[in-house]
Amino acid sequence: MKSFLSALFLLITPALGSALSSRVDGVPAGFGHSVTGGGNATPAIPANISQLRDWLTDNQPRVIVLDKEYDFKGSEGVCENCSCCQVSTCGDHGQDAIEVDTGWCGDRPVIECTYDKATGIDVASNKTLVGIGSQGVIRGTGLRFVYGASNIIVQNIHITDLNPRYIWGGDAIYMNDCDLIWIDHVKISLIGRQMISMGFSSSGRVTISNTDHHYWTILGLGDKDQVSFFNNWIHHTSGRSPDLGSVSSWHIFNNYWSNDTGHAFSVTSEPAILVEGNVFHDVVTPTNPGDGYGMFVTNASTVAVCEEIMGRPCPENVLTGSGELSPYTTNNETSLATIAKADETNIDIKPVSQVQAFVVANAGIRKIHLNSTSVRRDYLKRRAHWRH
Ligand SMILES: *[C@@H]1O[C@H](CO)[C@@H](O)[C@H](O)[C@H]1NC(C)=O
Ligand SMILES: *[C@@H]1O[C@H](CO)[C@@H](O)[C@H](O)[C@H]1NC(C)=O
Ligand SMILES: *[C@@H]1O[C@H](CO)[C@@H](O)[C@H](O)[C@H]1NC(C)=O
Ligand SMILES: *[C@@H]1O[C@H](CO)[C@@H](O)[C@H](O)[C@H]1NC(C)=O
Ligand SMILES: *[C@@H]1O[C@H](CO)[C@@H](O)[C@H](O)[C@H]1NC(C)=O
Ligand SMILES: *[C@@H]1O[C@H](CO)[C@@H](O)[C@H](O)[C@H]1NC(C)=O
Ligand SMILES: *[C@@H]1O[C@H](CO)[C@@H](O)[C@H](O)[C@H]1NC(C)=O
């Protein structure tokens, strides 16, 4: 795999330029195919959390490499004995909610709570954020792409431990009014709210690939969002996996849903959604009943229509031990046509028989070929070279 390793070698001979593909693993596909992130900027490892924050928020194109855990817990203080409310009566298993400006708690019983205030780094345009091996961890804060930001790559990073006990504890990745985003091989765990949240303004062209999620997963409500969502593993979730709405386009293929106790799709009017070649294993409610607006779902009897409009084979979805994956009333062929005409590039749709094994082996961090030993060695060599 020509990835990080070759990038760093190239830097030792500065006369050679290097393409995006040498700084990240693979090339972006789907709606986000033209993202370049920090482009040719020299890869660099932030020394500590303040440098990581500075580099993510400044207005320079950057390729930021994480080779360790960056722990933001406590970095913006802790809200001690603050106002929360009780949401569930499940004792230790349920979540309480942090009271927010909107007065979300309403009449729920008020309780005191203590939570971490670090809830998001404002990520500016033209950034590549990539982790080495499984070492690139951001603990205790999320990434909040600034309003209007574009051209951001997040690859091989684990975002974790964001007030998991509390609703409104923070989103792992939040975007609103963005464009050209590629989120790849990202693992998200122990989050209080959404894994990936896309606000009501357009998130433009987005590719979400090879990610590993559980709990409440994706909120995609942006007007005119265009999202390619593939090779992701969504497991042990209880809802909103994903929750989609507004006029947007979602091409959802080759994902693996497993062991989900609540609903997967919750869809209000009216995105164009093509769902093909996915596997659902032990998913109680693939589509929320009475929901599923704008969906076209492939199965043995609908693949023919899909193939006719898409002009290529459409794999069917396979469900075992699961409820129904169904569109609202009928499959929406307008949606199919919308996806067929959209500018999705480089996508490789696998036969559904390969999906489960591929996704389990491939989704999340540490699954791509960035060899930390050699990357480190080359980084040190490069640093030595600069000093001469
Ligand atoms: C973080 O690293 C930068 C760059 O090496 C350094 O200037 C700064 O003092 C460090 N900050 C802390 C809090 O260690
Ligand atoms: C929070 O409450 C505890 C227990 O009531 C108390 O001991 C502590 O001093 C309080 N802390 C603050 C900052 O008010
Ligand atoms: C991002 O990079 C593009 C292309 O080089 C440039 O036109 C744009 O101004 C940059 N954006 C910011 C916020 O620096
Ligand atoms: C997921 O469901 C399968 C089938 O019921 C079961 O064998 C497996 O143990 C479950 N996995 C987890 C991690 O709960
Ligand atoms: C089909 O989906 C489109 C959006 O792609 C929506 O405008 C239209 O109303 C839907 N048609 C039906 C019959 O649901
Ligand atoms: C395929 O889906 C359509 C629409 O939900 C449904 O009417 C049909 O019965 C399904 N066919 C098969 C073979 O499951
Ligand atoms: C990483 O690269 C080093 C140096 O090339 C090599 O010795 C080591 O075996 C590699 N490790 C893995 C896990 O591939």
Side-chain angles (χ1 to χ4, degrees), residues 28-34 198 202-209 217-232 234 240-257 263-280 283 285-319 322-355 359:
F31 288 118
H33 66 86
S34 55
M198 301 161 79
S202 176
S203 296
R205 294 159 286 177
V206 177
T207 296
I208 301 172
S209 48
T217 308
I218 311 272
L219 188 57
L221 302 177
D223 188 31
K224 302 191 183 65
D225 291 359
Q226 290 189 299
V227 184
S228 304
F229 188 83
F230 55 89
N231 298 351
N232 300 292
I234 300 108
R240 291 194 170 171
S241 316
D243 182 327
L244 308 178
S246 89
V247 180
S248 55
S249 305
W250 285 74
H251 186 192
I252 298 181
F253 60 94
N254 291 165
N255 301 286
Y256 178 41
W257 272 263
H263 61 265
F265 284 90
S266 156
V267 188
T268 48
S269 54
E270 190 121 314
I273 308 174
L274 170 56
V275 185
E276 59 175 327
N278 301 283
V279 175
F280 292 78
V283 178
T285 313
T287 317
N288 222 11
D291 222 312
Y293 294 90
M295 282 173 100
F296 190 102
V297 176
T298 57
N299 66 16
S301 47
T302 64
V303 285
V305 177
C306 181
E307 293 181 2
E308 192 189 319
I309 298 180
M310 300 306 286
R312 57 155 174 82
C314 294
E316 58 185 277
N317 295 288
V318 170
L319 289 87
S322 300
E324 274 190 58
L325 174 68
S326 49
Y328 180 65
T329 62
T330 59
N331 274 305
N332 187 314
E333 293 181 23
T334 311
S335 299
L336 206 49
T338 303
I339 302 291
K341 280 185 295 205
D343 177 29
E344 253 193 324
T345 302
N346 294 338
I347 57 170
D348 165 31
I349 303 175
K350 285 184 277 300
V352 70
S353 59
Q354 297 175 10
V355 168
V359 169

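The figures here come from the full heavy-atom set of this structure, side chains too, leaving out hydrogens, waters and symmetry mates.
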Exercise. Go through the steps for Asn232 and Ile208 under the test side chain to side chain contact (heavy atoms under 4.5 Å, CB included), then give the verdict.
Key: CA-CA 8 Å; Asn232 300 292; Ile208 301 172; 4.0 Å; yes
Practice problem: For residues Pro315 and Ile349, determine if any side-chain heavy atom of one lies less than 4.5 Å from a side-chain heavy atom of the other. | Solution: yes
Quiz item: Quick check: are there more than 12 heavy atoms from other residues, nucleotides or ligands sitting under 6.0 Å from CD of Gln354?
Solution: yes
Quiz item: Do Met295 and Val267 pass the side chain to side chain contact (heavy atoms under 4.5 Å, CB included) test, and can you show the C-alpha distance, the side-chain angles, and the key distance before you say yes or no?
Solution: CA-CA 9 Å; Met295 282 173 100; Val267 188; 4.2 Å; yes
Quiz item: Which heavy-atom pair separates Val305 from Leu336 by the least distance, and what is that distance?
Solution: O-CD2, 4.1 Å
Quiz prompt | Parallel, tilted or perpendicular, as decided by the 30° and 60° cut-offs, for the rings of Phe280 and Phe265 | solution = tilted
Quiz item: Passes side chain to side chain contact (heavy atoms under 4.5 Å, CB included), Asn317 versus Val279? Steps please.
Solution: CA-CA 6 Å; Asn317 295 288; Val279 175; over 6 Å; no
Quiz item: Going by atom types only, do Glu344 and His33 share a side-chain donor-acceptor pair under 3.5 Å?
Solution: no
Quiz item: Could you state the interatomic distance from OG (Ser326) to CG (Asn331), rounded to the nearest 0.5 Å?
Solution: 9.0 Å
Quiz item: Any side-chain donor paired with an acceptor under 3.5 Å for Asn231 and Ser209?
Solution: no
Quiz item: Looking at Asn254, Thr298, Asn255, which hits side-chain hydrogen bond (donor to acceptor under 3.5 Å, both in side chains) with Asn278?
Solution: Asn255
Practice problem: Hey, could you give me the CH2/CD1 distance between Trp257 and Ile234, rounded to the nearest 0.5 Å? | Solution: 4.5 Å
Quiz prompt | Crowding at CD, Glu308 (>12 non-hydrogen neighbours, <6.0 Å) | solution = no
Practice problem: Quick one: closest heavy-atom pair of Leu325 and Thr287, and the distance? | Solution: CA-OG1, 3.4 Å
Self-check item: Lys/Arg-Asp/Glu bridge criterion (N-O < 4.0 Å) met for Glu276, Arg312
Solution: yes
Practice problem: Measure the CD1-OG distance between Ile339 and Ser249 for me, rounded to the nearest 0.5 Å. | Solution: 4.5 Å
